[in-house]
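These values consider heavy atoms only, across backbone and side chains, with no hydrogens, waters or symmetry-generated copies. Each ligand, and each atom within it, is numbered from 1 in the order the structure gives.
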Amino acid sequence: MSALASWFLSRSANRLLADARQIRADRDRRIDPARVGEFAGLAESVNHVLDDLQGTMSALESQNQRMEAVLQGMGEPVLALDPQHVITLSNRAAVEVLGLSDPPLGRKVFDVLPAPELERLNFEGQRGKSGPSSVELELGGLRLLAQATRQRDGSGSVLVLHDITGIRRLEKMRRDFVANVSHELRTPVAVLQANAETLLDGALDERGIAEKLVEAIHRQTGRLSSLVADLLDISRIEAGQYHLEVEPVSVAHLCRQSVDEMERPASTRRVQVQLDVQTNLWALADSKAIDQILTNLLDNAIKYGRPGGSVTLRTLEAGSHVRFEVQDDGPGIDRKHHSRLFERFYRVDKGRSRGMGGTGLGLSIVKHLVETMGGHVGYRPASPHGSVFWLELPAVASVDEGRLITANAALDAL
Ligand code: ADP
């Protein structure tokens, strides 16, 4: 080769090298075939390979972005682990649900989730290693279902945590409910059966005994029918089948009606029921539901208040709401019971409530009904002693010449 030809060759090679170096810094650059003489063919091939590579990389990048969006958008915490169980990737939900201050990258999963059940998990579905691929664990008041999946290339595993706290709570509520209903049914049914048997065994002929047994049957049948009625109400309200006709109703009128209905139980216990209501108050509610709520609260105040005492039904204006208060001067309720009073079957004094024919469902029905009408309920001790059960329902702004000018906002909200 002549010296000139070798000089050209070396110049082309240098240009090729220089262009190749620049490509490392700028992936969009290509080698100019016209500048590299004899290497033009090689340059074109390299350019093609680069184009293909760039296409593959952009596809991978957009796939990565999609995966990242899916991962971050997931409500469940997701952790990717290496074979040593060190966290290599996590999503936003992991930080939020687990209450972490930072993504737990680089930390061992057992330190981030300190639950003994996790140690039983067969993370990579390894053959020969026993253990389930999912375990349930308790962590900081949460119940989590941890589900492990092996990464396909064998480089570790992915752990997904499902928050099943709500599901477990509902299951427990259902179990408790069934247990409570069975418990409530047992006594009256047992009394009915025993008394009927005693009557059949000959007590029918002894008038005095027979009367007592039949009276007990009558009492227990009453208890059963109240229980069935309350249970039906609860299930109708919860299924959204308790039909409410929400309209402007006169508060004073409804209060008077409910107090009148309480005349008999009140006189039996020599309780004075007083009304302290304003005549110009209107609420947006279902009159039948208000009556059920007020008679329930008045009945409790008469039953659990002081025999010979007094009960007051009062109404007040409370901003955009009407407030109803039922106050008695009985013994009141100990502080430790306040937060649970409106739970189904919760009783402060079990024996007394059953003795009074109570089902333990009254206050939970009251709460359901009030909340269905957009209101709220509560309890506070009365001074110097006794109880105040209160509820607030949306008010109607004003009444004009018999026509109701309603608070549009309150109506719209329903
Ligand atoms: P019950 O059918 O037993 O009356 P409720 O749900 O109406 O059920 O009431 C729950 C419990 O709250 C009652 O068993 C009773 O112990 C207590 N309670 C309700 N109202 C009063 C009151 N005014 N004073 C004292 N205790 C009350």
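Protein heavy atom nearest atom 23 (N) of ligand 1, with residue, atom name and distance: D328 OD2, 2.9 Å. Ranking protein heavy atoms by distance to atom 5 (P) of ligand 1, first place goes to L363 N, 3.6 Å. For atom 3 (O) of ligand 1, the closest heavy atom belonging to the protein is S353 OG, 2.5 Å. Protein heavy atom closest to atom 12 (O) of ligand 1, with residue, atom name and distance, is L341 CD2, 3.7 Å.
Within the cation-pi definition used here (under 6.0 Å to the ring centroid, within 45° of the axis), R344 qualifies as a partner of F177. Seen from the ring of W390, R323 counts as a face-on cation partner, given the 6.0 Å and 45° thresholds.
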Verdict with reasoning, I290 to K288, per side chain to side chain contact (heavy atoms under 4.5 Å, CB included): CA-CA 6 Å; I290 295 198; K288 188 169 51 67; over 6 Å; no
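The G358 neighbourhood of ligand 1 comprises atoms 1 (P), 2 (O), 3 (O), with distances under 4.0 Å to a heavy atom of that residue. Counting atoms of ligand 1 from 1 in the listed order, those under 4.0 Å from a heavy atom of D349 are 16 (O). Within ligand 1, counting atoms from 1 as listed, the ones closer than 4.0 Å to a heavy atom of V348 are 12 (O), 16 (O), 17 (C). Contact atoms of ligand 1 toward K303: 4 (O) (distance under 4.0 Å to a heavy atom of the residue).
At a 4.0 Å heavy-atom cut-off, ligand 1 touches I333 through the side chain alone. By the criterion of a heavy-atom distance under 4.0 Å, neither the backbone nor the side chain of K350 is placed next to ligand 1. Contacts between F389 and ligand 1 below 4.0 angstrom, taking non-hydrogen atoms only, involve the side chain exclusively.
Under the 4.0 Å criterion applied to side-chain N and carboxylate O atoms, D51 and R30 are assigned as salt-bridge partners. Using a 4.0 Å cut-off between charged side-chain N and carboxylate O, E215 and R219 make no salt bridge.
Using a 30° and 60° split on the angle between ring planes, F342 and F389 fall in the perpendicular class, above 60°.
Between the side chains of Q65 and E61, no donor-acceptor pair is found at a separation under 3.5 Å. For the 3.5 Å distance criterion, the side chains of E371 and H376 fail to qualify, holding no donor opposite an acceptor. For the residue pair H183 and R186, a side-chain donor N or O sits within less than 3.5 Å of a side-chain acceptor on the partner. Between the side chains of T312 and D276, no donor-acceptor pair is found at a separation under 3.5 Å.
Ligand 1 is approached by S387 to a heavy-atom distance shorter than 4.0 Å.
The shortest N/O to N/O separation between Y304 and ligand 1 falls below 3.5 Å. The shortest N or O to N or O distance between G360 and ligand 1 is below 3.5 Å. Every N/O-N/O distance between Y346 and ligand 1 stays at or above 3.5 Å. Of the N or O atoms in S364, none lie within a sub-3.5 Å distance of an N or O in ligand 1. Considering backbone and side-chain N/O atoms, G332 never comes within less than 3.5 Å of an N/O atom of ligand 1.
When the heavy atoms of L227, N300, V366 are ranked by distance to atom 7 (O) of ligand 1, first place goes to N300.
Between Y346 and Y379, the gap from one ring centroid to the other reaches at least 6.0 Å.
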